[in-house]
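Sharing a structure here in structure tokens format.
In listed order, ligands and their atoms are each counted from 1.
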Amino acid sequence: MSGTERDAVVVGAGFGGLYMLHRLRSAGFSTIAFEAGGDVGGTWYWNRYPGARCDVESLEYSYSFSPELEQEWEWTERYPAQPEILRYAEHVADRFELRHDIRFDTRVVAATFDERASRWLVRTEPDGETSARFLVMATGCLSSANLPRIDGMDSFAGRIAHTGRWPHEGIDLRAKRVAVVGTGSSGVQAIPVIAEEAAELFVFQRTPNYSIPARNGPLDPDLQREIKAHYREFRAANRLRPAGLGARWPIGDQSALEVPDEDVKRDLEERWRIGGFAFLSGFTDFLKNREANAKAAEFVKRRIREIVRDPTVAERLSPKQVIGCKRLCLDTRYFETFNRPNVHLVDVSEHPIERLTPRGLVAGGREYEVDVIVFATGYDAMTGSLTRIDVRGRNGVALRDAWSAGPRTYLGLGVAGFPNLFTMTGPGSPSVLANVIVAIEQHVEWIADCLAYLRSRGYATIEATVEAQDAWVDHVNAVADATLYPTCNSWYLGANVPGKPRVFMPLIGFPPYVEKCNEVAAKDYEGFVLARA
Ligand SMILES: Cc1cc2nc3c(=O)[nH]c(=O)nc-3n(C[C@H](O)[C@H](O)[C@H](O)COP(=O)(O)OP(=O)(O)OC[C@H]3O[C@@H](n4cnc5c(N)ncnc54)[C@H](O)[C@@H]3O)c2cc1C
């Protein structure tokens with residue numbers, strides 16, 4: 001093969017791309033990965049904002065594919081911070097000698113399917129073209145930073161930063177007046193840390209969010225030893241959980257409406273004390289029934305009122321939506337931060353930020369003078385990194401046109417009209433509603449097995465049928481509609497990006513999804529058309 005011909009191109013060198021590259025190479029497929037960033041790590045390469053941390057526990061937020069890697073890596077905290085996760089990604093790249101097949105600082109800008117050759121022609125910047133039989137998009141579910149367009153953005157004389165594109169050299173916030181715009185997961189992590197450093201902090205909040213204490217701390221060495229001694233069983237137990245995580249904590253099997261209020265409260269109190277995502281796992285219907293949900297929601301609001309001394313501020317910090325329909329935040333002293341004299345909550349729910357001026361931001365007719373503006377405004381989730389590439393399938397159809405009314409996939413892995421294209425943790429798969437590393441490993445292994453199957457039987461292409469895709473999209477919607485998830489304006493629905501179609505993108509429930517993917521493979525890739533050259 002020439003230098004520009006490969007069996008497979010992988011786009012992205014985060015946890016998805018790294019393992020995909022390793023797995024394909026090990027199976028004998030010539031593979032190259034392109035990465036827009038300067039090194040490996042993806043999310044953890046870009047998100048260097050103060051307080052950046054994983055919300056899944058370190059012993060779970062790690063690869064399971066190599067028992068040796070699992071044993072040799074020592075985590076230091078219950079939830080790993082960004083620098084530690086980045087070191088882990090770098091260690092993986094070194095250990096499996098992945099870097100020499102990755103082109104860094106190289107962005108894939110276009111990919112066109114050549115129907116006669118049944119190959120993808122992948123165009124990269126700076127200038128380059130690679131031809132490959134298969135194209136795997138490991139571009140990340142949360143990697144396209146969403147920077148709002150606000151009048152006067154260019155006029156601001158201070159510094160502007162997005163949490164997801166934080167400068168590597170950091171930003172010195174000491175003695176500075178700082179604005180943080182956004183109170184989702186990144187904002188909730190960054191705000192307490194920035195508050196300690198900055199002279200004054202203005203938090204611009206459009207929607208208050210529920211946040212549960214993470215209860216982070218040094219990882220208990222005995223626990224680490226114990227889990228490592230039974231890692232296979234622990235991983236297997238996690239994969240059977242609805243979100244592929246949390247096997248250390250019990251899941252309830254009763255409705256919150258079936259038991260006395262005191263029992264619900266006791267369970268929530270215990271879970272609040274433990275900290276983390278287990279908070280909503282005590283009862284079966286917190287995310288299905290408004291009355292049940294209200295019990296958990298009211299519990300958190302009561303805590304907010306207890307923690308935040310100023311009742312007006314506490315009220316403004318209290319969410320109105322049901323709990324859990326937006327991604328639950330985990331925090332370290334988030335609500336406590338609003339008791340600090342240097343922290344000011346600016347409610348922009350009714351009067352959005354009007355414009356930026358050379359000195360700061362204007363909202364509700366008042367100008368807030370600041371030195372630094374931090375946009376914690378999240379991502380064009382799940383589809384953004386895919387539609388930013390000019391992907392063209394059969395008949396030159398663009399993916400972004402095919403998805404103009406919302407993304408359509410089969411299993412979140414294939415797209416009708418786009419043969420040999422695989423999306424990882426894409427719309428229609430559990431993705432952001434799971435421990436993403438677990439979701440990634442399942443996708444990588446399914447895709448690698450699929451490519452080996454095609455090779456062994458002499459097939460040149462695999463393509464989802466329109467019928468299978470339509471049925472899958474209906475299924476994803478039906479599962480979501482049976483829950484409270486679609487009831488609020490979340491990024492799961494694309495509601496944070498102006499003009500984005502309102503479609504619930506991730507599939508709820510990891511174990512049944514895995515079963516379906518396995519069944520499809522066992523039935524010779526049912527719902528896909530396989531063809532010879
Ligand atoms: C702040 C934050 C916190 C998170 N916390 C959690 C958590 O607690 N638990 C959890 O499970 N998940 C979490 N996630 C999700 C996280 O993205 C995944 O866990 C995981 O890191 C995704 O890996 P990935 O390889 O699929 O994607 P990414 O890590 O996003 O990597 C994708 C890579 O593709 C590159 N890329 C994209 N487009 C192109 C292109 N056109 N050309 C070249 N390169 C391209 C990007 O530069 C990026 O490096 C978090 C995400 C963020 C942003």
> Excluding sequence neighbours, so at least two apart, what forms ring-ring contact (aromatic ring centres under 6.0 Å, His included) with Trp403?
Replying inline: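 Checked Trp403 against ring-ring contact (aromatic ring centres under 6.0 Å, His included); zero matches.
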> Hey, does the side chain of Gln82 reach the backbone of Trp44 with a donor-acceptor pair shorter than 3.5 angstrom?
Replying inline: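 Yes; judged by distance alone, with no hydrogens or angles, the pair exists.
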>> Before you tell me yes or no, could you show the steps for Phe96 and His22 under ring-ring contact (aromatic ring centres under 6.0 Å, His included), namely the whole-Å CA-CA distance, both residues' side-chain angles and the distance that decides it to 0.1 Å?
In response: CA-CA 7 Å; Phe96 298 101; His22 173 61; 4.5 Å; yes
> Under 30°, 30 to 60°, or over 60°: which ring-plane class applies to Phe134 and Phe29, parallel, tilted or perpendicular?
Replying inline: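 It falls in the perpendicular class, over 60°.
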>> Among residues at least two apart in sequence or on other chains, which ones pass ring-ring contact (aromatic ring centres under 6.0 Å, His included) with Trp472?
In response: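 Trp472 satisfies ring-ring contact (aromatic ring centres under 6.0 Å, His included) with His475 once adjacent residues are dropped.
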Atom pairs and distances, ligand 1 N/O vs protein N/O under 3.5 Å:
{"from": "ligand 1", "atom 1": "8 (O)", "to": "Asp55", "atom 2": "N", "distance (Å)": "2.6"}
{"from": "ligand 1", "atom 1": "8 (O)", "to": "Val56", "atom 2": "N", "distance (Å)": "3.4"}
{"from": "ligand 1", "atom 1": "11 (O)", "to": "Val436", "atom 2": "N", "distance (Å)": "2.7"}
{"from": "ligand 1", "atom 1": "17 (O)", "to": "Thr43", "atom 2": "OG1", "distance (Å)": "2.6"}
{"from": "ligand 1", "atom 1": "19 (O)", "to": "Tyr61", "atom 2": "OH", "distance (Å)": "2.5"}
{"from": "ligand 1", "atom 1": "21 (O)", "to": "Trp44", "atom 2": "NE1", "distance (Å)": "3.4"}
{"from": "ligand 1", "atom 1": "21 (O)", "to": "Tyr61", "atom 2": "OH", "distance (Å)": "3.1"}
{"from": "ligand 1", "atom 1": "25 (O)", "to": "Phe15", "atom 2": "N", "distance (Å)": "3.1"}
{"from": "ligand 1", "atom 1": "25 (O)", "to": "Gly16", "atom 2": "N", "distance (Å)": "2.8"}
{"from": "ligand 1", "atom 1": "29 (O)", "to": "Thr43", "atom 2": "N", "distance (Å)": "2.7"}
{"from": "ligand 1", "atom 1": "29 (O)", "to": "Thr43", "atom 2": "OG1", "distance (Å)": "3.2"}
{"from": "ligand 1", "atom 1": "30 (O)", "to": "Thr43", "atom 2": "OG1", "distance (Å)": "3.4"}
{"from": "ligand 1", "atom 1": "41 (N)", "to": "Val108", "atom 2": "O", "distance (Å)": "2.9"}
{"from": "ligand 1", "atom 1": "42 (N)", "to": "Val108", "atom 2": "N", "distance (Å)": "2.8"}
{"from": "ligand 1", "atom 1": "44 (N)", "to": "Ala36", "atom 2": "N", "distance (Å)": "3.0"}
{"from": "ligand 1", "atom 1": "47 (O)", "to": "Glu35", "atom 2": "OE2", "distance (Å)": "2.7"}
{"from": "ligand 1", "atom 1": "47 (O)", "to": "Trp46", "atom 2": "NE1", "distance (Å)": "3.1"}
{"from": "ligand 1", "atom 1": "49 (O)", "to": "Glu35", "atom 2": "OE1", "distance (Å)": "2.8"}
{"from": "ligand 1", "atom 1": "49 (O)", "to": "Glu35", "atom 2": "OE2", "distance (Å)": "2.9"}
{"from": "ligand 1", "atom 1": "49 (O)", "to": "Trp46", "atom 2": "NE1", "distance (Å)": "3.4"}

>> For Arg123, give me all partners under salt bridge (Lys or Arg N to Asp or Glu O under 4.0 Å), at least two apart in sequence or on another chain.
In response: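 Result, salt bridge (Lys or Arg N to Asp or Glu O under 4.0 Å) vs Arg123: none returned.
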